[in-house]
Amino acid sequence: MPDAIPVIDIGQYGTDSARSAAIATETDRACRETGFFLITGHDVPKSDTATLFSEARQFFRLPTEQKLKSRGPGGHIARGYTPFRGETLAAGTSPDTTHTPDLKEMLDFGPEPADGITPDNGFFAPDIWPEQPAGLKPAIQAYTRHMSTLATTLLRIFAETLNVPEHIFLNAHRRNISALRLICYPESDSPSPAPTRGGAHTDYGSLTILTADNATGGLQAKLRSGNWVDVIPQPGQFAINIGDIMPVWTNDRWVSTPHRVIAAPASDRARSRRHSIVFFHQPDPDAIIAPGDTPHYPPTTYGDHWRRKWLATRQQSAAP
Ligand SMILES: O=C(O)CCC(=O)C(=O)O
Ligand SMILES: [Fe+2]
């Protein structure tokens, strides 16, 4: 099996059946063999991505006291600012081991309470908008709209690929709790840093759409060979990976691949400040994920699965 992250051009998906079938075949292979792929041919304007990166960089450069004003309520409410070392992603995936907190800070956004939607114990919660930079809120809103559209296209491709009616996937995301996260991994002057700045984990939901700037010390995925391979989206590409829900839904036909963010080499460490923008597409909290006959996993609601992992990542936090 090749140790490479496949690139799939999803342009013109849905326009003719031969083209769509070719995209579906490539997607199935990528989801079976690597659980990660890069896409081109999407409709997300590069300028909206660039604007959001610029706003994110400005936010993370603010003094800590100012960033802390946007801190979220904590517990299981995934909103607002989480300071440096405030999350330990590996603890959500390997709860029995001791892990060190991730060397990152971040801002989380998600669905707000809306008419006709019950709050569901915090899955729908008000966003916390930083006062500065002023352009952050419109940039987040525009980018989130693009991500929702792209995620729906990807779910349609998944349904065609797996030969299941698309309403099975789409209906499970009607009240989705998809989240947008801005992450900053600051540069470091430590002579002996941890080997990773984001611990190995699998994502929780159905699929993740990620872009990052090109600082060294970036994202790696652990492929089935056991090798860790760099995942570097080129400008205009997004990295897509499968979250925990797809192996459940496909009874392990597809893999939720562990990934991590490594430390930069010593020579680059002082200028290794890195930003990523991550959209987690996540089913409705009360969606019951089950593949039908003889499931490999006990039935669970997505909300329960999410909350278990989220709370585990917070328990080993070293944030103030
Ligand atoms: O920042 C990255 O490149 C990866 C982040 C990630 O995997 C996550 O937040 O789940
Ligand atoms: Fe992840």
Side-chain angles (χ1 to χ4, degrees), residues 5 34-39 49 52-53 56-57 59-60 72 78-94 99 101-110 143 147 151 177-188 194-223 228-235 237-247 255-264 272-282 305-306 308-314 316-317 319:
I5 305 297
T34 60
F36 262 84
F37 53 101
L38 297 160
I39 56 163
T49 306
L52 184 52
F53 268 119
R57 283 188 194 105
F59 173 80
F60 289 114
R79 298 289 181 279
Y81 178 63
T82 299
F84 188 62
R85 293 168 65 89
E87 184 180 72
T88 310
L89 273 177
T93 298
S94 321
H99 304 280
D102 298 336
L103 305 179
K104 68 182 186 201
E105 49 185 318
M106 60 202 191
L107 258 182
D108 282 309
F109 302 89
Y143 189 84
M147 290 298 107
I177 52 169
S178 301
L180 187 73
R181 170 174 280 193
L182 308 180
I183 312 176
C184 173
Y185 303 81
E187 60 279 50
S188 156
T196 61
R197 38 188 184 167
H201 66 282
T202 55
D203 289 347
Y204 316 170
S206 39
L207 64 96
T208 302
I209 307 174
L210 177 141
T211 179
D213 58 24
N214 57 6
T216 50
L219 179 62
Q220 291 189 328
K222 188 178 190 183
L223 301 192
W228 288 95
V229 173
D230 291 335
V231 183
I232 305 175
Q234 298 302 317
Q237 292 184 340
F238 290 103
I240 309 297
N241 66 284
I242 303 305
D244 297 332
I245 288 310
M246 293 315 296
V255 287
S256 176
T257 298
H259 51 285
R260 67 184 183 186
V261 176
I262 53 165
S272 63
R273 192 175 183 82
R274 174 177 185 270
H275 301 84
S276 57
I277 303 176
V278 194
F279 181 78
F280 301 101
H281 202 36
Q282 315 196 92
H305 165 75
W306 182 91
R308 254 192 318 274
K309 287 195 78 162
W310 173 270
L311 290 176
T313 67
R314 301 275 144 164
Q316 296 178 28
S317 145

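Both ligands and their constituent atoms are indexed starting at 1 by order of listing. Everything quoted here is computed from the prediction, not taken from an experiment. Note that the numbering runs from 1 along the sequence shown for the chain.
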- prompt: Quick check: are there more than 12 heavy atoms from other residues, nucleotides or ligands sitting under 6.0 Å from NZ of Lys309?
  reply: yes
- prompt: Are the aromatic ring centres of Phe279 and Tyr143 under 6.0 angstrom apart?
  reply: no
- prompt: Taking the side chain as C-beta and beyond, is there a heavy-atom pair between Ile209 and Leu207 under 4.5 Å?
  reply: yes
task: Identify, with sequence neighbours excluded, every residue that meets salt bridge (Lys or Arg N to Asp or Glu O under 4.0 Å) alongside Arg260.
output: none
field: Residue that, paired with Thr202, satisfies side-chain hydrogen bond (donor to acceptor under 3.5 Å, both in side chains) out of Asn241, Asp244, Thr208
entry: Asp244
message: Once rounded to the nearest 0.5 Å, what's the spacing between atom CD of Glu87 and atom CG of Asp108?
response: 7.5 Å
- prompt: Which protein N, O or S atoms does the Fe ion (ligand 2) have within a distance shorter than 2.8 Å?
  reply: His201 NE2, Asp203 OD1, His259 NE2
message: Would you say that Asp102 contacts Val261 through its side chain, given a criterion of any heavy-atom pair below 4.5 Å between the two side chains?
response: no
task: Apply ring pair (Phe, Tyr, Trp, His ring centres under 6.0 Å) to Phe238 and list each qualifying residue two or more places apart in sequence or on a separate chain.
output: His42
message: Could you tell me if the side chain of Met246 sits less than 4.5 Å from the side chain of Ser256, heavy atoms only?
response: no
- prompt: Can you list, by chain and residue number, every protein residue with a non-hydrogen atom closer than 4.0 Å to ligand 1?
  reply: Leu89, Arg181, Ile183, Tyr185, His201, Asp203, Leu210, Leu219, His259, Val261, Arg274, Ser276, Phe280
